[in-house]
K.L.:
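Take this structure, written in structure tokens, and hold onto it; I'll ask about it next.
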Amino acid sequence: MHGLIFSGPADVRFADDLPDPTLRGSGEAIVAVDAAGLCGSDLHPYEGREAARGDVVPGHEAVGRVLQVGTGVRGFVPGDRVLVPFTTCCGRCAACARGLSARCAHGQLFGWGDPDDPTAEPLHGGQAERLRVPLADGTLVALPPGRSLLDGVLLADNLPTGWTAVERLGEVAGQTVVVLGLGAVGLCAVWAARRLGAAAVIAVDPVPARRGRAERLGAVAVSPDGAATLAAEVAPDGVTGVVEAAGTAAAQRAAASLVRPGGTISLIAVQTAAHLGFSAVTLYDRNLTVVSGRASVRSLLERLLPGLDGVTLPTDVVVSHPELPLSDGPGAYATFAARGDGLVKAVFRP
Ligand SMILES: NC(=O)c1ccc[n+]([C@@H]2O[C@H](COP(=O)([O-])OP(=O)(O)OC[C@H]3O[C@@H](n4cnc5c(N)ncnc54)[C@H](O)[C@@H]3O)[C@@H](O)[C@H]2O)c1
Ligand SMILES: [Zn+2]
Ligand SMILES: [Zn+2]
């Protein structure tokens, strides 16, 4: 099959001779990938911020059709249209039972291999023609009727992730919320904050075109330099909560100074540094609550999808490059990393 191969920082190649994945256990499925997202999380190993094994198919946001299932799979048959959340989960362990599917005791992240444990097999990702899905019954989600492939890609990660980031702020109805970082995750957080009733969303990013997208979702947008002034105007009583979807120390510092005393900072960006951009002293002196961690997509979708029936998702605003062939993959990674060509969210069509 053809697909992309990650071999180290700045090294993603297209290959047309990858081995077809095969079932390795009775609970597994093989999915034919129709659409696969490129995510800010793919940039961490690509830009060398996060160590990762090489010779791995990257990507963790896939939508496709079930090709084959093991004898133990109960919920899916060949031909089913499915979306594949970015981690696998069993649906039965204590973490899954608590709604924390992202930290399933048996879960794995797609498109990633642990560099510290060479004995653990990496789990190849979705940026290829076919994908092996362990724990298929616990992991896969039927693509809801009427949803497009692009909606499915957003539902596999960025939309529930942005939603999680806002939910972790607590009650936002009638409040002012700040979102720092307007990639696909931040834009989905803007959308979620509006849907959850925030009175105002201040959307912050140094890239003007990304700010324009946030405005289309109902935010007031501003560059990092102007955020404090705008926040003082929009929210004289202070900002209740800040979503940090940028992943930089500067954004974390901004979060700690923009939020009002007693407020909450939701760090939804993957943390790749040992220390935050603000200190424990700031945390104490301003009575802040900080929440962080991987979004539990599978658990959240069970709760979220019924309420989104018939609701237009922010797909058109978020996805800038909806139909790239996998052979454009190496270029798309480089362009995304350079913030070039207006690329916010690319979707490959294997
Ligand atoms: N927690 C989870 O489960 C989860 C899931 C998916 C993605 N993520 C993470 O979320 C983060 C965002 O993902 P993405 O796909 O939107 O990435 P992205 O790289 O497209 O977006 C990051 C944005 O932050 C902006 N930025 C940089 N410095 C800033 C600053 N000081 N102030 C405001 N904005 C600033 C950049 O211009 C960019 O637009 C990444 O760290 C990604 O790994 C987390
Ligand atoms: Zn992702
Ligand atoms: Zn589990």
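Values reported hereafter were calculated over all heavy atoms of this structure, with side chains retained and with hydrogens, waters and symmetry mates removed. Positions are given from 1, in the same order as the sequence printed here. Predicted model only: the values in this text are computed from it and were never measured.
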K.L.:
So does R92 have more than 12 non-hydrogen atoms from other groups sitting under 6.0 Å from CZ?
P.N.:
no
K.L.:
For the CG atom of L159 and the CH2 atom of W163, what is their distance to the nearest 0.5 Å?
P.N.:
7.5 Å
K.L.:
Looking at V153 and A35, what are the two nearest heavy atoms and their distance?
P.N.:
CG2-CB, 3.7 Å
K.L.:
Would L196 and V311 show up in the same hydrophobic cluster when neighbours are defined by side-chain heavy atoms closer than 4.5 Å?
P.N.:
yes
K.L.:
Which pairs count as side-chain hydrogen bond (donor to acceptor under 3.5 Å, both in side chains) when at least one residue sits in residues 76-88, sequence neighbours excluded?
P.N.:
none
K.L.:
Side-chain heavy atoms under 4.5 angstrom apart, residues restricted to Ile, Leu, Val, Met, Phe, Trp, Tyr: same cluster for V201 and V317?
P.N.:
yes
K.L.:
Of all the heavy-atom pairs spanning A105 and C93, show the shortest one and how long it is.
P.N.:
N-SG, 3.4 Å
K.L.:
For E129, check salt bridge (Lys or Arg N to Asp or Glu O under 4.0 Å) against everything at least two apart and list the hits.
P.N.:
none
K.L.:
Does the side chain of T161 come under 3.5 Å of the side chain of T164 through a donor N or O and an acceptor N or O?
P.N.:
no
K.L.:
Output the distance between atom CG (L83) and atom CG (L305), rounded to the nearest 0.5 Å.
P.N.:
7.5 Å
K.L.:
Main chain of P21, side chain of R132: is a donor-acceptor contact present, judged purely on distance under 3.5 Å?
P.N.:
no
K.L.:
For residues 262-271, which residue pairs qualify under side-chain hydrogen bond (donor to acceptor under 3.5 Å, both in side chains), counting only residues two or more places apart or in two chains?
P.N.:
Q252-Q271
K.L.:
Does the side chain of F348 come within less than 4.5 Å of V33's, by heavy atoms?
P.N.:
no
K.L.:
Excluding sequence neighbours, so at least two apart, what forms side-chain contact (heavy atoms from CB on, under 4.5 Å) with P206?
P.N.:
P224
K.L.:
Can you tell me if T335 uses its side chain to pair, donor with acceptor, with the backbone of G340 under 3.5 Å?
P.N.:
no
K.L.:
Who are the ring pair (Phe, Tyr, Trp, His ring centres under 6.0 Å) partners of H106, not counting sequence neighbours?
P.N.:
none
K.L.:
Could you walk me through whether W112 and H60 pass side chain to side chain contact (heavy atoms under 4.5 Å, CB included), step by step?
P.N.:
CA-CA 9 Å; W112 192 75; H60 54 265; over 6 Å; no
K.L.:
If we check side-chain contact (heavy atoms from CB on, under 4.5 Å) with P85, which of these qualifies: L155, V141, L300, L140?
P.N.:
V141
K.L.:
The criterion is ring pair (Phe, Tyr, Trp, His ring centres under 6.0 Å); which residues satisfy it with H124, sequence neighbours excluded?
P.N.:
none
K.L.:
What are the two closest heavy atoms between V172 and A193, and how far apart are they?
P.N.:
CG2-O, 4.3 Å
K.L.:
Among V166, L267, V185, which residue satisfies the side-chain contact (heavy atoms from CB on, under 4.5 Å) criterion with V243?
P.N.:
V166
K.L.:
Mind checking salt bridge (Lys or Arg N to Asp or Glu O under 4.0 Å) for E121 and listing every partner two or more places apart, or none if nothing turns up?
P.N.:
R24
K.L.:
Distance check, rounded to the nearest 0.5 Å: Q127 atom CD versus F6 atom CZ?
P.N.:
11.5 Å
K.L.:
Measure the CG-CD distance between L123 and Q108 for me, rounded to the nearest 0.5 Å.
P.N.:
4.5 Å
K.L.:
Find out whether V204 and V178 are in side-chain contact, i.e. whether some heavy atom of one side chain is under 4.5 Å from a heavy atom of the other.
P.N.:
yes
K.L.:
Could you check whether any side-chain N or O of R213 sits under 3.5 Å from a backbone N or O of L182, counting only pairs where one atom can act as donor and the other as acceptor?
P.N.:
no
K.L.:
Tell me every residue that passes side-chain contact (heavy atoms from CB on, under 4.5 Å) with A232, counting only those two or more places apart in sequence or in another chain.
P.N.:
none
K.L.:
With sequence neighbours excluded, tell me which residues meet side-chain contact (heavy atoms from CB on, under 4.5 Å) with D11.
P.N.:
S7, R13
K.L.:
Quick check: is V207 connected to L230 through a chain of hydrophobic side chains (ILVMFWY, heavy atoms under 4.5 Å apart)?
P.N.:
no
K.L.:
Please tell me if the side chains of Q175 and L169 come closer than 4.5 Å, counting only heavy atoms from C-beta onward.
P.N.:
no
K.L.:
Just so I know, are the side chains of W191 and V318 near enough to count as touching, which here means a heavy-atom distance under 4.5 Å?
P.N.:
no
K.L.:
How long is the straight-line distance from CZ of F76 back to OG1 of T139, given to the nearest 0.5 Å?
P.N.:
9.0 Å
K.L.:
So does R130 pair up with D20, basic N to acidic O under 4.0 Å?
P.N.:
yes
K.L.:
Do F278 and I265 pass the side chain to side chain contact (heavy atoms under 4.5 Å, CB included) test, and can you show the C-alpha distance, the side-chain angles, and the key distance before you say yes or no?
P.N.:
CA-CA 11 Å; F278 52 84; I265 297 173; 4.0 Å; yes
K.L.:
Between R210 and V344, is a side chain to side chain contact (heavy atoms under 4.5 Å, CB included) present by the stated rule, with each step listed?
P.N.:
CA-CA 8 Å; R210 293 185 172 212; V344 177; 3.8 Å; yes
K.L.:
Answer yes when E302 and R298 have at least one side-chain N-carboxylate O distance shorter than 4.0 Å, and no when they do not.
P.N.:
yes
K.L.:
Membership question, hydrophobic clusters at under 4.5 Å side-chain separation (ILVMFWY): are V84 and L38 in the same one?
P.N.:
no
K.L.:
Can a donor-acceptor pair be found, under 3.5 Å and without considering hydrogens, that links the side chain of R74 to the backbone of D137?
P.N.:
no
K.L.:
Got a sec, which pairs hit side-chain hydrogen bond (donor to acceptor under 3.5 Å, both in side chains) with one end in residues 336-345, sequence neighbours left out?
P.N.:
E61-K345, N158-K345, H321-D341
K.L.:
Is any side-chain heavy atom of L4 less than 4.5 Å from a side-chain heavy atom of Y333?
P.N.:
yes
K.L.:
Can you give me the closest heavy-atom contact between G181 and A246, atom names plus distance?
P.N.:
CA-CB, 4.1 Å
K.L.:
Measuring from L131:CG to F110:CZ, what's the distance to the nearest 0.5 Å?
P.N.:
5.0 Å
K.L.:
Can you sort out the partners of D34 under side-chain contact (heavy atoms from CB on, under 4.5 Å), two or more places apart, ordered by chain and number?
P.N.:
R65, L149
K.L.:
On a heavy-atom basis, which atom in V190 and which in A203 lie closest, and how many Å separate them?
P.N.:
CG2-CB, 4.2 Å
K.L.:
Is the side chain of S296 donor-acceptor paired with the backbone N or O of A102 at a distance under 3.5 Å, no angle test?
P.N.:
yes
K.L.:
Which heavy atom of A29 sits nearest to which heavy atom of A136, and what is that distance?
P.N.:
CB-CB, 3.8 Å
K.L.:
Is there any salt bridge (Lys or Arg N to Asp or Glu O under 4.0 Å) pair reaching into residues 148-172, and which pairs are they, with sequence neighbours excluded?
P.N.:
R147-D151, E167-R303
K.L.:
Examine distances only and state if a side-chain atom of E28 and a backbone atom of I30 form a donor-acceptor pair shorter than 3.5 Å.
P.N.:
no
K.L.:
Would you check if the side chain of S257 reaches a backbone N or O of A254 as a donor-acceptor pair within less than 3.5 Å?
P.N.:
yes
K.L.:
Run the side chain to side chain contact (heavy atoms under 4.5 Å, CB included) check on R195 and L308 step by step: do they pass?
P.N.:
CA-CA 10 Å; R195 261 202 89 69; L308 293 182; 3.9 Å; yes
K.L.:
Count I, L, V, M, F, W, Y as connected when their side-chain heavy atoms are under 4.5 Å apart, and connections chain through other members. Are V63 and L109 then in the same cluster?
P.N.:
yes
